[in-house]
Amino acid sequence: MKGINPSTEFHLVNDIETAWAMKRWLSESRRDVIGLDTETSGLNPYAPDAELRMVQIGDRTAGWAIPWKEWGGVALEVLNAWDGEWTLHNLAFDEKWLRIHAGWQIPWHKAHDTLIMYNMLYPGQPASLKFITDKHIDPRASVGQKILDEAMKKEGWGWHNIPTDFGPYAMYSALDPVLAVHIWDFLRADKKFPKSYDLEMSTLRICSGMEDRGINIDVDYCEQQRDKLNEYVEKSKKWAKDEYGVNIGSTQSLAAFYQNTLNAHIEKRTPGGAPSMDKESLDNMLLSDDPSVVEFTKFVLNVRKADKIRGSYFENFLRDHTNGLLHPSIKTMRAVTGRMSITDPALQTLHSNDSIVRNAVVPREGQVIMSSDLDQVEFRVFAHLSDDEALIETFKKADDTGSDAFTEIGAQVYQEPNFQKSDPRRKLIKSTIYGKLYGSGIAKMAQTAGVPFEDMKKVSDDLNAAYPGMNRYAKEVEQILSNRMAVEKYPYIETVVTGRRVPVEEDRLYSGVNYTIQSSAAEIFKSNLVKLDAAGLSDNFVVPVHDEIIVSIDPGDVEEVKQILRENMTTSEGWAVPLSADVEGPFARSWGEKYEKNH
DNA sequence: GGTCCCCGCGCG
DNA sequence: AAAGCGCGCGGGGACC
């Protein structure tokens, strides 16, 4: 650790002389990269009162903090003057603020993100600027942060109103781009970017575009649904409270009511030991001999669902939109496995068993919605990795005949060519396969499928006999993980696409199979987005949902887009089983059409 | 009054 | 031998 050179200068650009000094610094020194950072009023750049407060640039010799409101023109001058590489820590954040509030688009092909770089090279470790600086750069650097925190507390300042000329704030701000450059130096010691870094940087650029273009919602529909559900939920909760004194929103109150008033027995416990009032527990209540228990339980289940839909979706849509446009936050590397997550609102969790919520998501003006889903991608990746000849053959047959993989497995395992999709064994086959993907035991599979242990075991044994590669692969993975734990200090798996390392918890090595599959599938999907971007479709992206991309397109382009989606969402090269995708739509009214019962 | 965890449940 | 994977969100409730 070399640390920060004590002769490094930090400046607040709040007079002409300093502005000139900064410009001289920019033009007179030779350098490979400039660090860039911003200070903002808060986290959400789309908030009505959002304000860019400071733009900071720096290298190994100096850091400059430029108050945006007073000296924004100077800031833009230097942003435009530098045509070399930029490095930032958490590019996704600053890129948005600069684009929205400074009207300046960072050139993506010259922008680097040390947050992503760090994630690639030190998977599973905290990756905040502060943590990395303390650990790898210079622990003295965080002293300023402490002083600033205390001052803000003492003066009652927040990020939105701390004066830009307050010394510690200016100093702390000017330091950050300098740190960004030091982290760049540290991570770039071998001057190579991992393959996964390129994929993630492209994904970042594509998803940033999606956040910016936003998602159109039908505001009137949301308001109607919210009001309707609101009335039902409030009325119902009040009735339960008045009539029986039970708060059905509280698991404690609800459990007490079942036990004390309805004299119902609650078998299941939560991990914390409390009586469980989850869906399974309540579904058991539906089997009660006591009609009043059954009626009350139906009532509770209905209210819960309505409450969830109202609060998590319609309320949030209405809270977050501006003129019918939602700008969600897409975190491209949120899950340890590299899956993306979407918040504000949580667009990956919209109810799919009916279309009520997705009806709120509509095409852009004059357009139609289409979608493309990867077809059982995790199972296909599993089949590829397990290298089980029979399983691979079964997939090929299912693809050739256009039948469903689980049905085809039934036909194969039971030697019944006429095995039907409606055969009750198909459900057990599906449960077994998903159980294996997730590393579950037979007891859990049986519980999920709602069948006796013995029935489940029979199917599981049959599948293991027919496709021995599945268990063989699982054993292999555990063996590799144990070896790595012993030799390399921590157990990790590698993704199939880029070889990115994903750490596995030491006491849960069995989850390595799922991690490999899930993280590889995530990279396959991201690669497909990059391919679609190259094919010119990314401006039409609306939202990604793990293995599915939603697009909004002109009605005249439907056939062309179908073709583009089919081509670029499918991968065959290098896979024992083709990774195929379907295309659905066009839907002229809403995303919900895809989920309508008769569809 | 703010913060954190538990619990339950939505999605892939 | 046995182990369901990954997320986000909201209400309740404990705690400070």
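Numbered from 1 within each chain, the chains take letters A, B, ... in sequence-line order.
- On the C1' atoms, C:dG4 is 14 Å away from B:dG12, given to the nearest whole Å.
- A salt bridge is absent between A:Lys153 and A:Asp149: the closest approach of a Lys/Arg side-chain nitrogen to an acidic carboxylate oxygen does not fall below 4.0 angstrom.
- Counting only residues at least two apart or on different chains, no ring-ring contact (aromatic ring centres under 6.0 Å, His included) pair has a member in residues 501-526 of chain A.
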I'd like a table of donor-acceptor pairs (distance under 3.5 Å, sequence neighbours excluded) in which one partner is a side-chain atom from residues 202-209 of chain A, with atom names and distances.
| from | atom 1 | to | atom 2 | distance (Å) |
| --- | --- | --- | --- | --- |
| A:Ser202 | OG | A:Asp198 | O | 3.1 |
| A:Thr203 | OG1 | A:Leu199 | O | 2.7 |
| A:Arg205 | NH1 | A:Asp533 | OD2 | 3.1 |
| A:Arg205 | NH2 | A:Asp533 | OD2 | 3.2 |
| A:Ser208 | OG | A:Glu95 | OE1 | 2.7 |
| A:Ser208 | OG | A:Arg99 | NH2 | 3.1 |

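- Partners of A:Lys308 under the salt bridge (charged side-chain N to carboxylate O under 4.0 Å, His left out) rule, at least two apart in sequence or in another chain, do not exist in this structure.
- In DNA chain C, runs of at least 3 consecutive Watson-Crick or G-U pairs, each pair with both distances below 3.5 Å, span B:1-12 with C:5-16.
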Using a 4.0 Å cut-off on protein heavy atoms (strictly under), produce a 5'-to-3' string for nucleotides 3-12 of chain B with B for base contact, S for backbone-only sugar-phosphate contact, and - for none. ----SBBBSB
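- Take A:Glu478 and apply the salt bridge (charged side-chain N to carboxylate O under 4.0 Å, His left out) test, not counting sequence neighbours, and it matches no residue.
- Judged as a salt bridge (charged side-chain N to carboxylate O under 4.0 Å, His left out), and not counting sequence neighbours, the contacts of A:Lys238 are A:Asp242.
- Nucleic acid contact for A:Val336: sugar-phosphate only, since backbone atoms but no base atoms lie under 4.0 Å from a heavy atom of the residue.
- In this structure, of C:dG10, C:dG13, C:dG6, it is C:dG6 that holds the atom nearest to the side chain of A:Arg508.
- With sequence neighbours left out, A:Lys444 forms a side chain to side chain contact (heavy atoms under 4.5 Å, CB included) with A:Ser440, A:Gln447, A:Thr448.
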Restricting both atoms to N or O, compile the protein contacts to nucleotides 1-3 of chain C shorter than 3.5 Å, with distance only.
| from | atom 1 | to | atom 2 | distance (Å) |
| --- | --- | --- | --- | --- |
| C:dA3 | N1 | A:Glu478 | OE2 | 3.1 |

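- Residue-level contact check: A:Tyr515 touches the backbone only, with heavy atoms under 4.0 Å from sugar-phosphate atoms and none from bases.
- Residue contacts shown for A:Asn247 are limited to sugar-phosphate atoms, with no base heavy atom under 4.0 Å away.
- Considering only residues two or more places apart in sequence or on other chains, A:Pro468 meets the side chain to side chain contact (heavy atoms under 4.5 Å, CB included) condition with A:Asp388.
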Using residues 224-233 of chain A as the side-chain source, report each donor-acceptor pair under 3.5 Å to any protein atom, sequence neighbours left out, with the distance given to one decimal.
| from | atom 1 | to | atom 2 | distance (Å) |
| --- | --- | --- | --- | --- |
| A:Asn230 | OD1 | A:Arg310 | NH1 | 2.4 |

With a 3.5 Å cut-off and sequence neighbours excluded, list the donor-acceptor pairs that the side chains of residues 335-345 of chain A form with protein atoms.
| from | atom 1 | to | atom 2 | distance (Å) |
| --- | --- | --- | --- | --- |
| A:Thr337 | OG1 | A:Gln518 | OE1 | 2.7 |
| A:Arg339 | NH2 | A:Glu378 | OE2 | 3.4 |
| A:Thr343 | OG1 | A:Lys331 | NZ | 3.1 |

